[in-house]
Amino acid sequence: MSEVSTPFHQANFPSSNATNIDELKRTFATGQTKSYQWRVEQLTALKLLIEENSKAIICALHTDLGKCETESWLAEIGYSVTDIKGNLKRLKTWMKPTKISTPMITQPGKCYTISEPLGVALIIGAWNYPFQLVITPLIAAIAAGNCAVIKPSELSEATSALIAKMVPKYLDTAAFKVVEGGKEETTALLAQPFDKYFYTGGDQVGRIVMAAAAQHLSPVTLELGGKSPCVVDGDTNLDVTVRRIVWGKWMNAGQTCVAPDYILIEEAYLAEFSQRLIAEIKKQYGKDPSQNKDYGRIINQRHCSRLINYLEGENIIYGGKHDLDNKFLEPTVVVQPSANSALMKEEIFGPILPIMTFNNKQQMLHFINTKSKPLAAYVFTSNAQFEAEFIEQVSAGSICINDTNIFLANHDLPFGGVGTSGMGQYHGKSGFDTFSHTKSVMKRSFKFDAAIRYAPFSQFKLMLLKKF
């Protein structure tokens with residue numbers, strides 16, 4: 001996820017926030033967050049927070065990103081509510097001990113594992129989905145029985161302020177705190193000994209978060225991003241393909257960490273694909289997207305200017321119009337950018353879609369594998385053999401066949417990156433596990449205490465031990 005930021009500097013933690021963390025640690029030490037009842041109460045309260053304030057959330061998202069109501073509900077509000085419902089439905093099962101087989105040498109006895117909460121977590125959200133990307137990690141943290149400090153992105157000011165206002169009204173204030181602010185506040189938070197660090201954003205800050213967690217030997221989850229490739233095979237349903245690519249790419253004006261970052265296609269199919277892609281863009285967003293209420297805006301002028309600069313000297317076959325004052329950049333298609341251009345070296349994180357052509361499928365797969373491992377990878381094909389080759393040869397956080405971002409709708413699918421696109425996973429049971437420690441337990445009986453393992457040893461005992 002491309003979130004350009006200035007590196008954090010060392011700072012002393014403000015005393016008021018330090019007190020908040022101490023309070024959370026004291027709350028966790030009481031053991032109350034471990035109970036099933038407390039977790040259900042907090043998840044239910046969080047669900048109520050979302051449902052009762054949905055209009056305010058939609059308004060904040062529109063203020064920050066120009067999001068329409070449908071996108072706000074689909075990707076932020078409804079998505080979070082569905083996640084809570086899934087956690088509530090399965091939580092009791094997830095909390096039960098898991099039986100583990102017991103080897104003969106440890107009989108009579110039994111073995112099992114227990115999921116226990118890590119403690120106090122720090123959740124740092126991102127600005128592109130500023131509500132959902134702090135709420136869904138929070139859902140997982142609550143389900144696992146943790147306390148948490150929530151740090152919304154300072155770039156999405158309206159949503160951050162709303163979260164800070166709502167959380168104390170609905171959740172246990174002794175267990176959950178919201179800290180607003182920018183670089184200094186985040187730096188101060190990172191200096192604290194949290195039991196879990198969870199960060200969504202860019203790789204530059206991700207390295208800083210990981211270094212901070214290392215100071216305390218605490219586990220860290222990094223949800224980053226990268227350049228997610230999208231291969232379009234000649235053997236595909238082209239009408240459905242372009243419809244799904246346009247939806248996945250230009251949702252939230254392209255500011256989605258798993259959006260198709262660039263298209264790879266064989267040269268012979270470029271002309272027809274491009275024509276249909278442009279026609280579909282016009283169909284979904286009209287001839288003038290600036291007047292379309294369903295098309296969003298760039299988060300701020302700095303990011304809008306960054307995207308505009310990416311277009312300098314490129315072969316634009318559609319779009320390119322922009323209004324920096326209104327943070328607007330229309331859906332833009334670029335053909336054959338240089339492999340060394342900013343468009344192909346940086347995560348775009350905006351409404352620009354480059355298309356590159358190749359002579360054959362193996363060249364496309366080779367090109368993907370010369371890049372850093374992406375958060376997602378897409379292929380549109382009806383060729384079962386090529387589909388299998390794509391899955392086998394491409395390493396990515398997630399792979400989706402014949403569609404784009406929709407795979408995120410399955411909360412039971414673990415979500416996370418690999419390599420520079422992140423580490424750790426969440427959503428559903430994976431989120432519960434991410435904020436838990438799996439504690440191993442063995443219980444032995446006092447009966448049949450075999451002398452074979454005790455000194456003095458003998459060749460006969462050694463022979464028996466080898467046999468076991």
Looking at residues at least two apart in the chain, or sitting in another chain, which of them share a side chain to side chain contact (heavy atoms under 4.5 Å, CB included) with L74? W247, M251
Restricting to side chain to side chain contact (heavy atoms under 4.5 Å, CB included), what partner residues turn up for Q385, sequence neighbours left out? N383, E389
Applying side-chain hydrogen bond (donor to acceptor under 3.5 Å, both in side chains), name anything that partners [X], two or more places apart in sequence or on another chain.
{"X": "Q393", "answer": "none"}
{"X": "D433", "answer": "K429"}
{"X": "S398", "answer": "none"}
{"X": "Q363", "answer": "none"}

Name the atoms and distances for all side-chain donor-acceptor pairs under 3.5 Å in residues 84-99, with sequence neighbours left out.
unit_1: N87; atom_1: ND2; unit_2: D83; atom_2: O; d: 2.8
unit_1: N87; atom_1: ND2; unit_2: D83; atom_2: OD1; d: 3.2
unit_1: R90; atom_1: NH1; unit_2: G86; atom_2: O; d: 3.4

What residues form a ring pair (Phe, Tyr, Trp, His ring centres under 6.0 Å) with [X], not counting sequence neighbours?
{"X": "Y197", "answer": "F194"}
{"X": "F380", "answer": "none"}
{"X": "Y112", "answer": "none"}

Distance in Å, T33 OG1 paired with F176 CZ, rounded so as to fall on 0.5 Å steps: 8.0 Å
From CG (D239) to CD (E280), nearest 0.5 Å: 8.5 Å
Atom pairs and distances, donor-acceptor, side-chain atoms in residues 418-427, under 3.5 Å, two or more places apart:
unit_1: S421; atom_1: OG; unit_2: K373; atom_2: O; d: 3.3
unit_1: S421; atom_1: OG; unit_2: P374; atom_2: O; d: 3.4
unit_1: S421; atom_1: OG; unit_2: V418; atom_2: N; d: 2.8
unit_1: S421; atom_1: OG; unit_2: V418; atom_2: O; d: 2.7
unit_1: H427; atom_1: ND1; unit_2: Y79; atom_2: OH; d: 3.4

Scan residues 163-179 for pairs that pass side-chain hydrogen bond (donor to acceptor under 3.5 Å, both in side chains), counting only residues two or more places apart or in two chains. E23-K177, Q32-D172, W38-D172, E52-Y170, N53-Y170
Looking at D22 and R26, does any basic side-chain N land under 4.0 Å from a carboxylate oxygen? no
Is the shortest distance from a Lys or Arg side-chain nitrogen in E76 or K67 to a carboxylate oxygen in the other one below 4.0 Å? yes
